[in-house]
Amino acid sequence: MPRPRDDDFATRVVAWFAGAARPLPWRAADLSPWAVLVSEFMLQQTQAARVVPFWERWMARWPTPAALASEPAAEALRAWDRLGYPRRALWLHAAATELVERHGGEVPRGLDALLALKGVGPYTARAVAAFAFGDRHPVVDTNTRRVIARAIDGVAVAAPPSAARDLPAMERLLPADREAAHAFNAGAMELGATVCTARTPRCDECPVAALCAWRAAGYPPHEGPRRRTQARFEGSDRQLRGRVMRELRAAHTPVPRGELAALEPDETRLDRVLASLVADGLAVGAVDGYALPHN
DNA sequence: AAAGCGGGGTC
DNA sequence: GACCCAGCTTT
């Protein structure tokens with residue numbers, strides 16, 4: 001049973017969300033579960049505002065899993081364009097194929113069936129279950145994790161993601177009512193994304209400022225080990241992978257290795273990157289060069 | 001538990 | 001510049 005204070009917390013977030021929610025297109029009423037699934041793939045590690053145009057084009061072109069599954073993976077990779085982490089496009093295409101072959105072309109409703117899809121983890125499975133089907137599950141993303149860390153735990157920085165800890169923590173706050181739970185899941189994420197932001201939280205606009213443990217404690221700074229610093233992107237293999245993929249997307253015939261060599265003078269590095277792309281299924285190598293995968 | 005994976009926005 | 005983003009799979 002939620003404690004009274006938790007009920008108050010959820011009630012305030014839900015009320016705030018009703019008036020403050022951004023009009024993101026995947027929040028429209030009566031969307032298909034497929035539309036929600038596509039949005040969740042695109043939103044992984046990608047800001048919502050940047051996803052909007054990609055999602056609009058994708059849904060216009062492939063309104064059903066069957067529509068996507070009927071085209072080669074190369075087309076999914078081209079439509080993904082520069083959204084980042086192109087493996088997501090590959091996995092979404094694979095998921096669409098699996099939906100057609102094993103689920104009658106529909107997104108399954110159960111958590112276990114969702115988790116079995118490639119590219120669907122603890123967050124995405126619950127987000128689809130909650131937002132597409134209205135089922136009551138705790139949904140915890142990086143925004144929610146930060147809101148809970150600050151408002152409930154009173155610390156500046158959330159612990160690294162851990163389903164074993166995050167889901168029970170959200171479950172304790174989640175209203176019993178289905179619709180209220182849906183609104184709280186979405187509202188907590190929105191609060192973290194627009195008010196309780198990582199850098200400069202806007203506590204003067206926060207609906208739960210009066211309940212916030214971090215605020216009550218005087219905004220204590222983060223203690224303990226810093227988050228692992230992300231490897232430098234400039235000059236990285238990741239950057240080169242992106243550049244190679246860009247060439248492959250633009251070409252409709254295999255790109256000779258000699259042409260790709262213009263991207264990178266160090267042939268050892270180029271070959272390492274090409275091998276990694278092939279290993280990931282993002283590219284296929286043939287005698288006449290490299291191309292996007294057909295299947 | 002940690003590494004690796006894009007690319008752009010933000011401060 | 002460094003940090004962050006509706007995470008995931010692999011090792």
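Side chains included, hydrogens not; waters and symmetry mates left out as well; all remaining heavy atoms used. None of these values were measured; they are calculated from a predicted model. Every chain is numbered from 1, with letters handed out A, B, ... down the list of sequences.
- For A:E98 and A:K118, the salt-bridge test fails: no basic side-chain N is under 4.0 Å from an acidic carboxylate O.
- A salt bridge is defined here as a Lys NZ or Arg NE, NH1 or NH2 lying under 4.0 Å from an Asp or Glu carboxylate O, and A:E171 with A:R136 meets this definition.
- Mapping A:E40 and A:R199 onto DNA chain C by nearest heavy atom places A:R199 at the nucleotide closer to the 5' end.
- The phosphate of B:dG8 has OP1 or OP2 within less than 4.0 Å of a side-chain N or O from A:R82.
- Within the 4.0 Å cut-off from OP1 or OP2 of C:dT10, at least one side-chain nitrogen or oxygen of A:K118 is found.
- Checked by distance alone, A:T46 brings a side-chain donor or acceptor within 3.5 Å of a matching partner on the base of B:dG6.
- Between A:R232 and the phosphate of C:dG1, there is a side-chain N or O to OP1/OP2 separation shorter than 4.0 Å.
- Straight-line distance from the OH atom of A:Y85 to the C1' atom of B:dG6: 6 Å, rounded to whole Å.
- Separation of the P atoms belonging to C:dA6 and B:dC5 is 22 Å when rounded to the nearest angstrom.
- Taking side-chain N and O atoms only, A:R246 has no distance below 4.0 Å to OP1 or OP2 of B:dG6.
- A salt bridge links A:E190 to A:R27: one of the charged nitrogens lies within less than 4.0 Å of a carboxylate oxygen.
- Residues A:Y290 and A:E247 bring no donor and acceptor atom of their side chains to less than 3.5 Å of each other.
- In terms of polar N and O atoms assigned as donor or acceptor, the side chain of A:R238 comes within less than 3.5 Å of the base of B:dG6 in a complementary pairing.
- Put simply, A:Q45 has a side-chain N or O that comes within less than 4.0 Å of OP1 or OP2 on C:dG7.
- A salt bridge is defined here as a Lys NZ or Arg NE, NH1 or NH2 lying under 4.0 Å from an Asp or Glu carboxylate O, and A:E75 with A:R249 fails to meet this definition.
- Distances shorter than 4.0 Å separate none of the side-chain N or O atoms of A:T124 from OP1 or OP2 on C:dG7.
- Among the nucleotides C:dA6, B:dG7, C:dC5, the one closest to the side chain of A:R22 is C:dA6.
- You won't find any donor-acceptor pair under 3.5 Å spanning the side chain of A:R88 and the base of C:dC8, going by distance alone.
- Rounded to whole Å, the separation between the P atoms of C:dC8 and B:dG9 comes to 24 Å.
- Contact annotation: A:R241 reaches the phosphate of B:dG6 (side-chain N/O to OP1 or OP2, under 4.0 Å).
- Spacing of C1' atoms, C:dC5 relative to B:dA1, comes out at 22 Å, to the nearest Å.
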